[in-house]
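Counting starts at 1 for both ligands and their atoms, in listed order.
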Amino acid sequence: MLQCNCHIVGDPQTREAIVIDPGDDAGRILEVIKRHHLKVTAIVVTHTHIDHVVGLHRVQEATGAPVYLHADDLGLYRMLDVQASWLGWKTPEQAHIDQLVREGDVIRWGSCEAQILHTPGHTPGSICLYMPSDMPDAPLNATAAKSFQRGTARLFAGDTLFAGSIGRTDLWGGSFAGIMSSLKGKLLELPDDTIVYPGHGETTTIGKERATNPFLARN
Ligand SMILES: [Zn+2]
Ligand SMILES: [Zn+2]
């Protein structure tokens, strides 16, 4: 319902993959994993708003992969029942949190790696995943081929940065000063051609947001 983007990033050679934000539709996520013969080695949650974690328990159960998130979002995860009641949803089953990540941690799978950037503001434990460059050769499918160019850095931004906007900060634990400092101090430090995959909406680049995003343009 809230149209959260789930990303599955696989190494075409080793077939190892990570799943970022299994927000819902666990069946569809598992189908994609199966169709591409992927072995999921980690499930990473950019933050624990309910629309990013509804599918978490089922994807974890089916893949046996460890779940990674930032400790500062554990409080919000424990409030899943409250979040569910705001939306009139059924409380999703809780997943087991295997690994707490922090700024500078690196997650590796196949020949890929992603650095954890702690970007508080939208929530206290919001993180982004930064893949500096050089994904393996073959994109997994035609959709991926359109945006996955070799040698380009990528950022999985959760709800910190969107095409033309930024994450809201009026929910539990949000901080406008915090998100602005995360954006200016961390995300705008990345190269302009970094492809940004936000938690909702269209793909963009750091350069485009630097130039046109009304929240950042004055920077
Ligand atoms: Zn959110
Ligand atoms: Zn969201």
Side-chain angles (χ1 to χ4, degrees), residues 1-9 18-26 28-29 32 42-60 67-95 97 100-103 114 116-130 154-187 195-204 206 209 213-216:
M1 182 173 102
L2 299 177
Q3 307 214 332
C4 171
N5 292 327
C6 170
H7 295 97
I8 302 168
V9 189
I18 65 168
V19 177
I20 303 168
D21 287 350
D24 204 351
D25 296 323
R28 274 176 66 196
I29 296 170
V32 170
I43 305 166
V44 187
V45 177
T46 62
H47 64 291
T48 57
H49 276 152
I50 190 164
D51 55 318
H52 293 248
V53 298
V54 172
L56 188 57
H57 179 262
R58 226 184 113 198
V59 173
Q60 177 181 47
V67 171
Y68 291 61
L69 57 79
H70 194 283
D72 293 354
D73 256 28
L74 279 176
L76 187 58
Y77 192 59
R78 294 199 186 102
M79 290 166 54
L80 264 190
D81 53 340
V82 178
Q83 296 192 56
S85 73
W86 286 338
L87 294 164
W89 292 4
K90 196 166 118 267
T91 304
E93 266 194 88
Q94 296 258 334
I97 309 305
L100 297 175
V101 295
R102 53 176 79 175
E103 171 78 18
I116 301 295
L117 307 177
H118 181 209
T119 50
H122 176 63
T123 65
S126 280
I127 56 170
C128 297
L129 282 83
Y130 179 62
R154 293 174 181 78
L155 180 79
F156 296 91
D159 288 1
T160 297
L161 177 61
F162 300 121
S165 189
I166 63 172
R168 58 190 288 185
T169 53
D170 58 335
L171 299 173
W172 183 87
S175 157
F176 185 75
I179 200 169
M180 291 315 292
S181 138
S182 293
L183 288 160
K184 292 180 176 175
K186 291 184 183 168
L187 301 197
I195 300 171
V196 179
Y197 302 90
H200 302 265
E202 296 298 311
T203 299
T204 182
I206 290 291
E209 295 314 307
N213 189 312
F215 292 91
L216 308 176

Open item on the list: Could you enumerate the protein N, O or S atoms under 2.8 Å from the Zn ion (ligand 2), written like residue then atom name?
Closed with: Asp51 OD2, His52 NE2, Asp159 OD2, His200 NE2
Task: Check: Asn5 main-chain N/O paired with Tyr197 side-chain donor or acceptor under 3.5 Å - done: no
Open item on the list: For Thr48, is there any backbone N or O sitting under 3.5 Å from a side-chain donor or acceptor partner on Gln83?
Closed with: yes
TODO: Taking His122 for its side chain and Thr169 for its backbone only, find out whether a donor-acceptor pair lies under 3.5 Å.
DONE: no
Open item on the list: For the backbone of Gly23 and the side chain of Asp21, can you confirm whether one donor and one acceptor N or O come within less than 3.5 Å of each other?
Closed with: no
Task: Gap separating the CG atom of Leu129 from the CD1 atom of Ile20, nearest 0.5 angstrom - done: 5.0 Å
Open item on the list: With no hydrogens and no angle check, just 3.5 Å: does a side-chain donor-acceptor pair link Asp159 and His49?
Closed with: no
